[in-house]
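Structure record follows, encoded as structure tokens.
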Amino acid sequence: MTDAVVVGSGPNGLAAALTLARAGLRVEVFEAHERVGGGLRTEALLDSEVLHDICAAVHPMTPVSPFMRSLGLEAHGVALLHSPAAYGHPLQGRPAALAWRDLDATCAELGPDGRRWRRLMLPLMQRSADVVDLMLSTQRTPPNPTALALLATRLPAHALRAGGDLRAEAARAILTGVAAHGIGRLPSPASAAVALLLGHLARTTGWPVPQGGSGAVAAVMAQQIERLGGRIHTGVRVNSLNDLPTRRLTLLDVSPRELARIAPLPAGYLRALSRYRYGPGAAKADFLVEGAIPWTDPRLSHAATIHLGGTHGTAQELAHAETVTARGLSVRHPYIIVVDPAAADPARAVRGRRPVWAYAHVPHGDPRDPLPTIRAALEAHAPGFTDTVIAERGMSPAQLGAYNANYVGGDIASGAMTLWQTLARPPVPRRNPYRTPLPGTWLCSSATPPGPSVHGMCGYYAARAALATWPEADRTASGHPLEG
């Protein structure tokens, strides 16, 4: 018999396991893949020396997450590295828009909109801790009044109009490009919240790339779990909770659909889970290229993250590129995120060969190969890109869903990012969103608050809730993660 079992070793599963292990519990982790990490895996995919991130590549939430800060990544040899510009946005026929890490540098390039950009971002930057605290809180946490006031004065304009009250195309495009990270309707309250959160972080803690790739972060968590006596089993697919060792606590880093598949849940709870909606799919492309990406505007090489939106890249074009309805996503031209990790971590380029990571928003479960679409979009803004490609691999939403059961239909957010599902993840009739009707069984995936991204807080909060039922737990170790 063990104290606790965690199913799934994504960042939330590992966060849950480590939180339990820090409290003195004997923990075992079961992972279907041959390697731990879930969305945090890095492999020599197309070349034996060049490392590609298979899922997540850039981590704006990692440096601000209380749980992730508790890992001491740099002390374990994993620095969070930054490119000079957090992100860039090419505009056809005109200079690219760049979000430099320095606020003054960004404002200087936005002309008359520089003052509006400063008024939008500076107060958020000054009270960043309050804003992050609100965004990473649980449904039961009293809202931070300072952050609520800041967002209340900014959200409406950006929820109703792409680019809000910004006037210059460059400013409108770099804000709308960030809003589109929310993988949902543009504009909307949910996308506006994403834009304000990630937009201001670009100028505080940044959008870093983990040194050596995302898998290095998972490796640090796994090492700490094992150092505390935990055991990690890989290559073990759990088809039923009855397959697991005898234990007192079970934490599941799985999607609601996977939870329904492996757990004997009562009918009422199953009906509630059936109301959970999954969002559009992501289609992934990996390229091994020779030399730098030949951007039309060479300054884009200063940014590790690039947003591509249609032919011209304007905010209006982005807002009309994708239509989200009850039937799903209709795409006129896909929004694409391109990541050039070597722009932040030059060691990722080996003998002139570098990894290029990209994904596009496409309909849920789309089986089509995304390579032609993504390659063509890159070619439009970086003529000659195709000639630099040595090798490539595409993954459709259907293939992403097969690779990771949490990415249902390619939904990397583990649930549609609507306003309702942002506030109620998952929509179950329980006051505690992590606790299931099964004794000692808790859900700890991105389908619970505070939702997707690499912050580990879903797993941490679920483990804290589980520890509250464990009288023998070490209360010091199970306190706030910075005290653990």
Side-chain angles (χ1 to χ4, degrees), residues 60 84-128 131 135 147-204 206-207 297 299-300 302-303 305-322 332-333 335-337 361 381 417 419:
Y87 61 94
H89 192 105
L91 294 163
Q92 197 75 17
R94 65 182 83 181
L98 285 151
W100 300 98
R101 290 205 62 210
D102 180 75
L103 178 64
D104 291 339
T106 303
C107 292
E109 292 194 359
L110 295 179
D113 254 342
R115 286 183 298 174
R116 296 185 188 90
W117 190 267
R118 188 182 299 277
R119 286 199 301 269
L120 176 65
M121 291 296 172
L122 186 58
L124 296 169
M125 293 166 60
Q126 292 171 332
R127 303 308 296 263
S128 183
V131 175
M135 296 295 195
L148 277 178
L150 280 171
L151 294 176
T153 58
R154 287 162 172 75
L155 272 176
H158 299 281
L160 296 172
R161 180 170 177 257
D165 59 359
L166 298 167
R167 298 175 186 175
E169 192 51 61
R172 288 164 52 77
I174 57 174
L175 190 67
T176 307
V178 179
H181 277 246
I183 315 182
R185 185 169 57 84
L186 281 175
S188 69
S191 68
V194 170
L196 296 178
L197 173 63
L198 298 185
H200 94 271
L201 289 180
R203 293 150 190 92
T204 54
W207 290 15
D297 186 337
R299 297 181 310 140
L300 288 169
H302 293 301
T305 302
I306 307 294
H307 302 142
L308 306 181
T311 304
H312 301 287
T314 64
Q316 193 69 9
E317 195 173 23
L318 269 172
H320 291 92
E322 304 169 353
R332 293 182 182 86
H333 46 79
Y335 166 81
I336 296 171
I337 296 177
H361 294 175
H381 296 285
M417 293 300 293
L419 179 61

Can you name the closest pair of heavy atoms from Val178 and Gly199 and give their distance? CG1-N, 3.9 Å
For residues 119-126, which side-chain N or O atoms pair as donor and acceptor with protein atoms under 3.5 Å away, sequence neighbours left out?
none

Any side-chain heavy atom of Ile337 within less than 4.5 Å of one from His307? yes
Any side-chain heavy-atom pair of Arg118 and Asp104 under 4.5 Å: yes
Rounded to the nearest 0.5 Å, how far does CG of Leu151 lie from NE2 of His158? 11.0 Å
Side-chain touch Leu98/Thr106, heavy atoms, less than 4.5 angstrom: no
Compare all side-chain heavy atoms of Ile306 with those of Pro90 and state whether any distance is below 4.5 angstrom. yes
Does Pro189 reach the side chain of Leu155, with side-chain heavy atoms less than 4.5 Å apart? no
What's the spacing between Arg203 CZ and Ser128 OG if we round to 0.5 Å? 12.0 Å
Where do Trp207 and Ala86 come nearest, in terms of heavy atoms and distance? CE3-O, 4.0 Å
Roughly how far, to the nearest 0.5 Å, is the CG atom of Leu197 from the CE atom of Met135? 5.0 Å
Report, one line per pair, each donor and acceptor closer than 3.5 Å where one atom sits in a side chain of residues 162-175; sequence neighbours left out.
from, atom 1, to, atom 2, distance (Å)
Glu169, OE2, Ala315, N, 2.8
Arg172, NH1, Ala162, O, 2.9
Arg172, NH2, Ala162, O, 3.3

Rounded at 0.5 Å granularity, tell me how far CZ in Arg299 sits from CD in Glu109. 4.5 Å
Distance col, row His302:NE2 vs Asp297:CG, nearest 0.5 angstrom, shows 9.0 Å
Rounded to the nearest 0.5 angstrom, the OG1-CG distance for Thr305 and Leu300 is 11.5 Å
Check: Tyr335 side chain, Leu318 main-chain N or O, donor-acceptor pair, under 3.5 Å: no
